[in-house]
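The basis for the numbers below is simple: all heavy atoms, side chains too, and nothing from hydrogens, waters or symmetry mates. Each chain gets a letter, A, B and so on, in the order its sequence line appears, and its residues count up from 1.
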Amino acid sequence: MTTQVPDNALVSLNAVNKHYGQLHVLKDINLQVRKGEVVVVIGPSGSGKSTLCRAINRLETIDDGDISIDGKLLPEEGKELAHLRADVGMVFQSFNLFAHKTILENVTLGPIKVKGMSKADADKEAMALLERVGVGHQAPKLPAQLSGGQQQRVAIARALAMKPKVMLFDEPTSALDPEMINEVLDVMIQLAKEGMTMIVVTHEMGFARKAADRVVFMADGQIVEDATPEDFFTNPQSSRAKDFLSKLLTH
Amino acid sequence: MDVIIESLPQYWDGFLRTLFLAVVSGIIALVAGTLLAAARVSPVAALRGFSMAYVEVVRNTPLTIAFFFAAIVLPRLGVTFEQFEVAAIIALSAYTAAFIAEAVRSGVNSVPVGQAEAARSIGMTFGQVLSLIILPQALRTVIPPLINILIALVKNSSVAGAFFVLELFGYGKQLANDHGDAVMWVLVGVAFFYLLITVPLGYIAHQVERKVAIAR
């Protein structure tokens with residue numbers, strides 16, 4: 001099994017396999033993401049796309065194969081892994097803002113505790129980030145006082161505060177009311193335009209068309225297609241992808 | 001009734017010793033119990049195993065065994081102390097720590113797993129995740145069982161009276177021997193002084209619980 005990492009790959013998965021008991025959730029996954037690239041992962045439920053996303057910062061362990069970020073293999077549990085995670089931003093479906101901390105503290109906690117930044121500097125940077133995602137005026141509130149869309153934007157700001165090399169989005173809009181989806185997608189599109197490297201698991205085809213450099217289609221734990229959005233949406237190769245797309249468009 | 005007034009100095013002395021036993025053992029048990037709970041959820045298998053074995057053994061054996069261990073077995077192993085009070089503190093804190101570990105662990109489990117995942121994903125170490133994110137949120141659910149355990153600790157400290165420590169119960173026995181005609185009132189006095197500790201504990205619990213309530 002080769003473990004060659006292309007020089008310009010920021011995130012690289014090589015022959016990655018994972019099982020949940022009998023279920024083979026990731027089957028021989030090979031995926032390279034270059035710096036500045038926006039890769040959207042789509043596919044039916046249970047296709048393994050969330051597991052793939054979570055494996056990249058080792059929230060899920062893998063059985064074999066290897067994953068490297070910026071040329072460094074993912075370390076085992078411990079300090080080194082924590083260091084590496086600080087470089088990988090993650091946005092969750094259920095926001096996961098720290099419930100006992102204010103919005104501002106949610107964003108400053110990482111820079112202060114993990115990077116050792118002074119509180120004054122962290123506050124300043126956090127406020128700038130919160131303004132950027134449009135929730136600056138909510139800074140002193142607790143997460144529960146914000147709407148879902150606002151919470152998710154704070155979660156994006158929290159991840160950005162660590163100045164990550166790559167951002168992972170695990171179905172960031174799936175738990176949102178329809179009218180709040182766009183405010184989150186707008187922030188993500190802006191981020192993509194600014195050149196952030198992003199891996200986005202989503203059901204939002206509009207986002208894939210607008211912001212993705214590549215679309216990766218997964219089914220049954222395998223990467224079935226890996227193409228530009230243009231090619232994928234207009235000319236899918238596999239029957240699985242054709243089937244998936246036809247179901248999306250009938251409503 | 002008179003016997004209580006007459007013996008106030010003894011009661012007071014016993015009360016202070018009971019309070020001392022409970023406070024010192026309580027603090028040690030809170031620290032040790034929290035560490036045991038942390039070990040129980042740590043990524044290190046050996047720590048998890050140790051914590052589980054300790055809690056299972058200590059929680060499921062009588063307190064008197066812990067006292068015999070501390071007062072009789074430890075000195076034979078070379079751990080000696082001037083006063084039985086030290087043995088009592090060792091036994092009470094070792095015993096209570098097991099219960100606290102269980103309460104804290106259940107509190108930790110009550111915090112949604114996404115909180116820990118988010119904390120790990122911004123690069124926090126296991127210790128930071130636990131101390132900055134999980135334990136502060138677990139506190140709210142842990143306070144009521146914790147107070148129950150501390151109330152039990154106050155009452156359990158009476159076992160020390162059987163091991164030559166003159167705390168409330170120890171004095172109670174003495175007074176009952178000296179005033180054979182007023183045993184009931186002697187015991188009422190003892191009970192009153194225990195209540196003097198345990199009732200305020202429950203009240204404090206209620207206040208703290210309201211203060212740390214987090215809106216979700």
Side-chain angles (χ1 to χ4, degrees), chain A residues 53-54 56-61 76-102 105-116 141-146 151 154-155 157-164 166-170 175, chain B residues 34 37-52 103-144 146 207-216:
Chain A
C53 187
R54 292 163 55 83
I56 294 172
N57 68 354
R58 212 173 182 276
L59 287 179
E60 300 280 351
T61 55
E76 295 284 303
E77 210 66 45
K79 272 229 163 64
E80 249 181 282
L81 180 65
H83 278 308
L84 190 125
R85 277 181 179 145
D87 287 337
V88 181
M90 177 112 187
V91 175
F92 300 87
Q93 182 175 346
S94 48
F95 331 133
N96 294 346
L97 292 182
F98 305 133
H100 62 309
K101 299 277 183 193
T102 65
E105 288 167 342
N106 261 277
V107 181
T108 57
L109 201 61
I112 292 173
K113 298 293 179 183
V114 176
K115 292 197 154 176
K141 293 189 182 167
L142 285 171
Q145 296 170 280
L146 270 61
Q151 289 194 46
V154 174
R158 174 176 68 182
L160 289 176
M162 297 304 290
K163 303 195 175 69
V166 52
M167 288 277 285
L168 308 174
F169 293 83
D170 185 8
Chain B
T34 307
R40 185 70 182 270
V41 295
S42 89
V44 183
L47 285 178
R48 285 201 301 272
F50 168 78
S51 172
M52 198 172 97
V104 173
R105 186 177 72 94
S106 73
V108 165
N109 288 341
S110 76
V111 179
V113 67
Q115 294 285 310
E117 287 186 346
R120 283 154 73 199
S121 78
I122 57 170
M124 287 191 189
T125 58
F126 172 74
Q128 286 177 320
V129 175
L130 209 58
S131 62
L132 297 172
I133 305 299
I134 305 300
L135 288 180
Q137 293 189 59
L139 195 63
R140 183 172 64 137
T141 45
V142 166
I143 296 261
L146 229 45
Q207 296 300 318
V208 176
E209 215 179 317
R210 281 195 352 197
K211 225 174 174 176
V212 298
I214 311 160
R216 266 199 188 282

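- The environment of Lys113(A) atom NZ is sparse: at most 12 non-hydrogen atoms of other residues, nucleotides or ligands sit within 6.0 angstrom.
- For Ala119(B), the parts lying near chain A are the backbone and the side chain together; criterion is any non-hydrogen pair under 4.5 Å.
- Partners of Lys163(A) under the salt bridge (charged side-chain N to carboxylate O under 4.0 Å, His left out) rule, at least two apart in sequence or in another chain, are Glu125(A).
- Only the side chain of Gln128(B) comes within less than 4.5 Å of a heavy atom of chain A; its backbone N, CA, C and O stay farther away.
- Taking 4.5 Å as the heavy-atom cut-off, the residues of residues 37-49 of chain B that approach chain A are Pro43(B), ordered by number.
- In this structure, Gln115(B) contributes its side chain and Leu97(A) its backbone to a donor-acceptor pair below 3.5 Å.
- The minimum heavy-atom distance linking Leu59(A) with Arg120(B) is given by the pair CD2-CZ, 4.0 Å.
- When all heavy atoms of Asn96(A) and Ala118(B) are compared, the closest pair comes out as O-CB, 3.4 Å.
- Expressed to the nearest 0.5 Å, how far CG of Asp170(A) lies from OG of Ser121(B) amounts to 11.0 Å.
- If you take CG on Asn106(A) and CD1 on Ile133(B), they are separated by 7.5 Å, rounding to the nearest 0.5 Å.
- When every heavy atom of Lys79(A) is checked against every heavy atom of Thr125(B), the shortest pair comes out as CE-CG2, 4.3 Å.
- Here the CD1 atom belonging to Ile122(B) is positioned 12.0 Å from the CG atom belonging to Asn57(A), to the nearest 0.5 angstrom.
- More than 12 heavy atoms of other residues, nucleotides or ligands shown are found within 6.0 angstrom of CD on Gln145(A).
- Within 6.0 Å of CD in Glu76(A) there are 12 or fewer heavy atoms belonging to other residues, nucleotides or ligands.
- The most heavy-atom pairs under 4.5 Å with chain B, out of Lys101(A), Arg54(A), Gln93(A), come from Arg54(A).
- Here CZ of Phe98(A) is found 8.5 Å from CD1 of Ile134(B). Values are rounded to the nearest 0.5 Å.
- We find the NE2-CG distance between His100(A) and Leu135(B) to be 9.5 Å, quoted to the nearest 0.5 Å.
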